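So the structure is just underneath, and the comments pick up after that.
What you see is a predicted model; the values in this text were computed from it and never measured.
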Number of protein chains: 2
Amino acid sequence: MAHITTSVEYGIHGLLWLVGNDGKALSSREIAEIQGISPSFLAKIFPKLEKAGIVAASEGVRGGYRLGRAADEITFLQIVDAIEGEKPLFDCQEVRERCALFTGGVPGWATSGTCAIHAVMKQAEKAMRDALAAQTLGEVASRFSRKAPESFFADFKEWADERQTTRTARTGRPVRDGPS
Amino acid sequence: MAHITTSVEYGIHGLLWLVGNDGKALSSREIAEIQGISPSFLAKIFPKLEKAGIVAASEGVRGGYRLGRAADEITFLQIVDAIEGEKPLFDCQEVRERCALFTGGVPGWATSGTCAIHAVMKQAEKAMRDALAAQTLGEVASRFSRKAPESFFADFKEWADERQTTRTARTGRPVRDGPS
DNA sequence: TAAACGCAGACTAAGTTAGTCCTCGTTAAT
DNA sequence: ATTAACGAGGACTAACTTAGTCTGCGTTTA
């Protein structure tokens with residue numbers, strides 16, 4: 001399995017739908033359903049985005065998620081860190097402290113500063129993080145907009161509107177018709 | 001756990017000892033022992049480096065490992081790929097194919113080219129790999145040499161020489177003294 | 001011929017990931 | 001006032017990965 005998880009993938013896909021929804025809220029179930037992924041799994045991802053301020057949640061019956069700030073101010077790095085929690089690329093085991101030549105105590109020169117190998121890994125991690133920080137949700141969304149036909153967005157609006165009405169229409173009917 | 005494993009860490013530390021051993025072979029047990037790590041675990045790492053040509057193995061009683069080429073021509077990326085096997089940073093699940101708006105077949109424009117999210121991740125992965133490819137074993141070894149005192153290398157040579165003699169001195173004595 | 005090697009595979013324990021399910025408090029519409 | 005839709009959170013599971021051990025095999029040198 002890869003280091004950037006499918007949770008991040010689902011999260012970003014979900015966020016892209018919010019970008020295209022004109023500031024209106026979508027519930028986590030709707031976001032999951034329109035993408036064909038597990039609703040209960042997505043429901044564990046969005047609270048993390050909420051804690052990071054990437055989305056704003058509204059509770060209750062017509063609640064859901066909106067973007068917490070402008071799509072241009074949400075970077076991929078922020079999303080990855082929000083969902084995965086800033087796990088380092090490399091976890092230095094400090095092998096240099098275990099060298100058998102150091103009988104009776106590790107000398108200062110050996111442990112001063114960062115381990116040379118760790119330094120290389122940190123540099124590589126920074127390169128990756130910089131690349132992720134250079135991409136925003138807004139840019140990717142508009143890249144997608146240029147690719148998709150206008151009918152697609154019309155279909156989405158229609159789908160969202162229908163959801164908006166049917167989810168209130170279901171209310172107030174206590175389902176007592178089956179095994180009673 | 002991190003994406004760059006401790007196997008890579010142990011492998012690089014081991015290779016650095018080979019750099020400082022003047023082309024002479026060290027057995028995997030010696031490399032493990034001088035670093036205070038598990039011999040049996042290290043014994044699983046070095047065959048991977050051998051397959052990649054990073055080290056050359058010699059079998060038999062005085063065998064062991066040497067560098068397969070000049071330390072300046074061994075990059076960190078090569079080592080990581082040799083040990084971990086080129087695992088991608090991100091494994092695209094092709095969520096775009098599951099969109100619920102695509103009733104009855106996914107349109108061509110949606111699946112043509114690389115997924116926009118995947119493209120960002122690939123870019124980040126490339127940045128990381130480029131950083132790893134820019135660092136060689138030789139550079140890190142000489143960086144370490146400037147830090148360590150001359151006495152350290154003298155200690156190492158002494159240790160290696162003693163190993164060289166004692167491991168043949170043990171030969172030829174069938175140990176039959178215990179429970180017989 | 002024995003011991004020191006590299007090599008390969010089976011095995012285990014712990015941790016992570018993807019995913020499900022259930023309960024709770026909140027909110028809007030009836 | 002209920003009811004059902006919502007977010008939030010925790011317990012739980014199955015599959016996979018990682019770190020590490022152990023055993024057996026073929027090779028090589030003394």
Side-chain angles (χ1 to χ4, degrees), chain A residues 1-11 14 25-33 37-51 55-66 83-85 87 90-91 93 95 163-176, chain B residues 1-11 14 25-33 37-51 55-66 83-85 87 90-91 93 95 163-176:
Chain A
M1 202 71 38
H3 182 238
I4 293 185
T5 59
T6 65
S7 289
V8 169
E9 182 171 12
Y10 291 169
L26 286 175
S27 74
S28 68
R29 276 146 236 204
E30 288 169 330
I31 297 170
E33 197 178 326
I37 64 179
S38 157
S40 47
F41 188 45
L42 198 73
K44 303 200 66 174
I45 298 169
F46 268 75
K48 295 176 182 175
L49 295 171
E50 198 271 338
K51 281 195 188 60
V55 297
S58 50
E59 288 197 331
V61 80
R62 293 274 294 256
Y65 296 99
R66 292 175 194 77
I83 297 177
E84 294 191 344
K87 293 182 188 167
F90 177 78
D91 178 26
Q93 305 293 308
V95 174
R163 285 287 151 152
Q164 200 77 356
T165 53
T166 54
R167 72 170 159 175
T168 49
R170 272 170 297 187
T171 318
R173 269 187 263 133
V175 186
R176 287 277 180 278
Chain B
M1 201 71 36
H3 183 238
I4 294 187
T5 59
T6 65
S7 289
V8 170
E9 183 172 10
Y10 292 169
L26 286 175
S27 75
S28 69
R29 276 146 238 209
E30 287 169 329
I31 298 170
E33 198 178 325
I37 63 178
S38 155
S40 47
F41 188 42
L42 197 74
K44 301 198 65 171
I45 298 170
F46 269 75
K48 295 176 182 174
L49 295 171
E50 196 271 339
K51 282 197 186 59
V55 296
S58 50
E59 288 197 329
V61 80
R62 292 275 293 257
Y65 295 100
R66 293 174 194 78
I83 297 177
E84 293 190 346
K87 293 182 186 167
F90 176 78
D91 179 27
Q93 304 293 309
V95 173
R163 285 287 153 149
Q164 201 75 356
T165 52
T166 56
R167 71 169 160 176
T168 49
R170 273 169 297 187
T171 319
R173 269 189 262 131
V175 186
R176 286 277 179 277

Practice task
Examine D:dT18: is either OP1 or OP2 under 4.0 Å from a nitrogen or oxygen in the side chain of B:Thr5? Give yes or no.
Solution key: no
Practice task
Rounded to the nearest angstrom, tell me the gap between atom CD1 in A:Ile37 and atom P in C:dG19.
Solution key: 9 Å
Completion exercise
Rounding to 0.5 Å, atoms NZ (A:Lys51) and CG (A:Leu49) come to a distance of 10.0 Å
Practice task
Apply side-chain contact (heavy atoms from CB on, under 4.5 Å) to A:Ser58 and A:Arg66, showing your working.
Solution key: CA-CA 8 Å; A:Ser58 50; A:Arg66 292 175 194 77; 3.6 Å; yes
Handout entry: Min side-chain heavy-atom separation A:Asp91-B:Thr6 under 4.5 Å
Key = no
Problem - Helix axis bend for the helix from C:dT1-D:dA30 to C:dT30-D:dA1 - C1'-based end axes, five pairs, 10° rounding - result: 0°
Completion exercise
So CD1 of A:Ile45 and CD of A:Glu9: to nearest 0.5 Å the spacing works out to 10.0 Å
Exercise for the section: For each nucleotide in nucleotides 21-28 of chain D, reading 5' to 3', give B when a protein heavy atom comes within less than 4.0 Å of its base, S when such contact involves only the sugar-phosphate, and - otherwise. Expected result: B-----BB
Fill in the blank from the handout: Interatomic distance, CD@A:Gln93 vs OG1@B:Thr5, rounded to 0.5 Å, equals 10.0 Å
Exercise for the section: Please check if the side chain of B:Glu84 supplies one atom and the backbone of B:Val8 the other of a donor-acceptor pair under 3.5 Å. Expected result: no
Practice task
Using whole Å, report how far CD of A:Gln93 lies from P of D:dA19.
Solution key: 8 Å
Practice task
Please state whether the rings of B:Tyr65 and B:Phe46 are parallel, tilted or perpendicular, taking 30° and 60° as the class boundaries.
Solution key: tilted
Practice task
Examine D:dA19: is either OP1 or OP2 under 4.0 Å from a nitrogen or oxygen in the side chain of B:Thr6? Give yes or no.
Solution key: yes
Handout entry: Options C:dA18, D:dT17, D:dA8, nucleotide nearest the side-chain atoms of B:Lys87
Key = D:dT17
Practice task
Send over the distance from B:Asp91 CG to D:dT17 C1', rounded to a whole Å.
Solution key: 14 Å
Fill in the blank from the handout: To the nearest angstrom, the CD1-C1' distance between B:Ile4 and D:dT18 comes to 15 Å
Completion exercise
With sequence neighbours left out, the residues meeting salt bridge (charged side-chain N to carboxylate O under 4.0 Å, His left out) with A:Glu33 are A:Arg163
Handout entry: Closest listed nucleotide, where the reference is the side chain of B:Tyr10 and the choices are C:dG6, D:dG20, D:dA8
Key = D:dG20
Practice task
Starting at atom NZ of B:Lys48, determine the distance to atom P of C:dG6, rounded to an integer number of angstrom.
Solution key: 16 Å
Completion exercise
Rounding to 0.5 Å, atoms OG (B:Ser40) and CZ (B:Arg29) come to a distance of 9.5 Å
Practice task
Indicate whether OP1 or OP2 belonging to D:dG9 is found under 4.0 Å from a side-chain N or O atom of A:Lys51.
Solution key: yes
Exercise for the section: Return the value, rounded to whole Å, for the distance between atom CD of A:Glu84 and atom P of C:dG15. Expected result: 19 Å
Handout entry: Atom pair distance, as rounded to whole Å: CD in B:Glu50 and C1' in C:dA8
Key = 13 Å
Handout entry: Spacing of B:Ile45 atom CD1 relative to C:dC7 atom P, expressed in whole Å
Key = 13 Å
Problem - Residue B:Ser7, side-chain heavy atoms: nucleotide from D:dA19, D:dG9, C:dC5 that is nearest - result: D:dA19
